[in-house]
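Worksheet: one structure, shown below.
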Amino acid sequence: MFLESDQEFGGLDANSMSRQLIANVNSQLKYENTFNQKHNVELSLFTEYVKAHLRGFGFTQNGLNPKTSAPYAGTGYIGYDNTPYYVPDVNANKVDSGLFSYFAYGDYDYNSMFGLSGTVRRDASYRFNTTNRWGTFWSVAGRWNISEMDFMDNSAFNMLKLRASYGKTGNQNIAGESLFTLPNATRELYSATTGYNNQNTIGISQLGVATLKWEEIYQANIGLDFEVFDRRLRGSVDVYEKRTEDLYQGVQISAINAITSINKNFGTLKNTGIEFNINADVIKTEDFRLTLKANGAYNKNKIEDMPGPDGNSWDGESLTINQEGKMLNEYYAIPYAGVNPTNGNLLFYDINGNLTENPDPTADRRFTGKNLFPSMQGGFGFDLDYKNFFVSSLFTYVTDVWRYDYDYSGLIDRSNIGVFNLSNDIQRAWTPENTRTDIPSLSATNIGLDTNSDRLKDASYVRMRYLTLGYNFTPEILKDTFFGQARIYVQGENLVTWTKWRGWDAESNRASDQYQYPTPRIYTLGIELKF
């Protein structure tokens, strides 16, 4: 219950309901045959139909009469009586979505040496206008089992396979992956806004885009799978190039339309990279086995086409920018030069490379060559088995990640002195006696300009994701019990993190962090029993 000073009755009653119906119908026709014991052919035809409906309703009533109201009874509501506070807030939503697809798959294999496969499909999405509803997508892939060739007899390779593929896929997720997510689900075409000479008026709140269509993704991949030395060393390596065309993004339009941008298909993004996965049995005996494992993925992205005369999407304020020829969401900021030793103010570089305490928030920005996305990420660890004891570990890592550490900024914020616990680093703040420091003066006059600078922090890290120690009970121990298998183990997760990041948690997909709950450290003691 609550009571506002100018209202006789307080209290709030909120009710809502939603109903979802999702139908998914699939059908498949398959043909498979082997000719002359060497030629294997497989052909498949598929159809898929998805239909989904969402209906919802809700209302909120402020003001309840305590003499007649009861929880969820719908009673005790206060009448309007010329008091806007008591007017109920009512909402309803209705969303229909669907997808229809038909596709074919074919595969040919010759004596387990060579193989060729392909797919082709047609998809119709509810998200687009009828003229752009359908998309055609395809792929073709080939494989060569080199280890099956005669010239590989008596080689050290147990398996060696070369793979290659190229294809086109589509993306219909304009605003999210949910069937019920739309970029603007409201049917409100007009809303209150500010017009000429700051006068209140009614303006357009959204515009339809009849030309919106599928994003198209073209990807080429070359891979190699191998097993060598009686499978003691095994793994795979893949190299790829991925090009996304007709990107979903905001395109600026004239403000005479009452809105300044609409979502359209425009632009091209290219990703290139390499991925690997390796496992090695360093020691392999009857009682003792030690396996080392590692994987990694390196990726580099580049924007090749952007709308607008300047080839960028910058709104004049954001700390990131999408610019032709640059990486995705590159930080666009003013270079920070440190603390002025003469007065403790912040120093920056202007666009001409000169030191200044008062940079222009727009003209002095430049590309930093840094963004949120890691250039390299992966994991490594080991599995160790000695008789019935086992130890398993996994470390994860990311490199070349840059983010704003607002948690640490708060810990050295002079306005928090006497209010919150702070970092000891604030004791290194500039004073006339301490002029060589990275912490500005507690009385610095340009501290607010820091928000437009490139004072990014390296969020690269290596984290011990988990470490498990356990024991498998032998059949002899379990023979007089009704358990088929049993083991006991203790496990720790996120035990140690090595990083330069000073905030609560280096692991995040956000460009900046503040007041976010960190990844927890978890300890587990477990017993697994199988009957």
Side-chain angles (χ1 to χ4, degrees), residues 1-24 50-99 125-129 172-209 212 248 250 255 257-263 406 410 419-420 510 512-517 520:
M1 298 286 289
F2 64 88
L3 193 65
E4 291 194 359
S5 59
D6 58 343
Q7 306 298 332
E8 180 181 359
F9 296 101
L12 178 147
D13 186 16
N15 287 272
S16 63
M17 61 80 64
S18 65
R19 182 174 67 248
Q20 297 183 16
L21 174 63
I22 302 176
N24 192 327
V50 179
K51 191 65 176 177
H53 305 279
L54 170 66
R55 302 292 184 268
F57 172 79
F59 72 89
T60 300
Q61 170 69 51
N62 290 312
L64 299 173
N65 189 331
K67 296 180 179 180
T68 57
S69 65
Y72 309 111
T75 60
Y77 297 159
I78 306 302
Y80 173 55
D81 193 26
N82 295 322
T83 307
Y85 176 77
Y86 296 137
V87 177
D89 179 18
V90 181
N91 65 83
N93 53 61
K94 173 184 177 181
V95 180
D96 298 309
S97 64
L99 180 71
S125 171
Y126 78 104
R127 295 182 185 269
F128 309 116
N129 191 21
Q172 60 157 335
N173 297 323
I174 303 170
E177 297 183 359
S178 169
L179 285 169
F180 304 119
T181 300
L182 295 173
N184 195 339
T186 177
R187 288 176 169 81
E188 181 184 81
L189 298 179
Y190 299 93
S191 61
T193 184
T194 301
Y196 177 73
N197 200 25
N198 292 323
Q199 296 297 311
N200 293 330
T201 186
I202 300 297
I204 296 174
S205 59
Q206 61 175 310
L207 288 174
V209 183
L212 203 64
Y248 297 136
N257 297 289
I259 55 178
T260 58
S261 68
I262 56 176
N263 290 327
Y406 291 132
V419 181
F420 302 108
R510 294 174 290 269
S512 61
D513 261 353
Q514 192 168 28
Y515 310 135
Q516 299 291 336
Y517 194 81

(Q) Is any side-chain heavy atom of Lys51 closer than 4.5 Å to one of Leu99? (A) no
Rounded to the nearest 0.5 Å, the OH atom of Tyr86 sits from the CD1 atom of Ile78 at a distance of 6.0 Å
Counting only heavy atoms not in Arg510, do more than 12 sit closer than 6.0 Å to its CZ atom? yes
Take Asp13 and Thr60 through the side-chain contact (heavy atoms from CB on, under 4.5 Å) test and state the conclusion after the steps.
CA-CA 6 Å; Asp13 186 16; Thr60 300; over 6 Å; no
For Ala52 and Ile22 the tightest heavy-atom approach is CB-CG1, 3.9 Å
- [ ] Side-chain contact test, heavy atoms from C-beta onward, threshold under 4.5 Å: evaluate it for Tyr248 versus Asn173 and give yes or no.
- [x] no
**Asked** Under a 4.5 Å cut-off applied to non-hydrogen side-chain atoms, are Tyr77 and Leu64 in contact?
**Response** yes
Heavy-atom nearest pair, Phe57 first then Val90, reads CE1-CG1, 3.5 Å
Do Val209 and Asn263 come close enough that some side-chain heavy atom pair is under 4.5 Å? no
Here the pair of heavy atoms bringing Gln20 nearest to Leu54 is CG-CD1, 3.5 Å
Worksheet item: Does Arg127 reach the main-chain N or O of Gln172 with its side chain, forming a donor-acceptor pair under 3.5 Å?
Response: yes
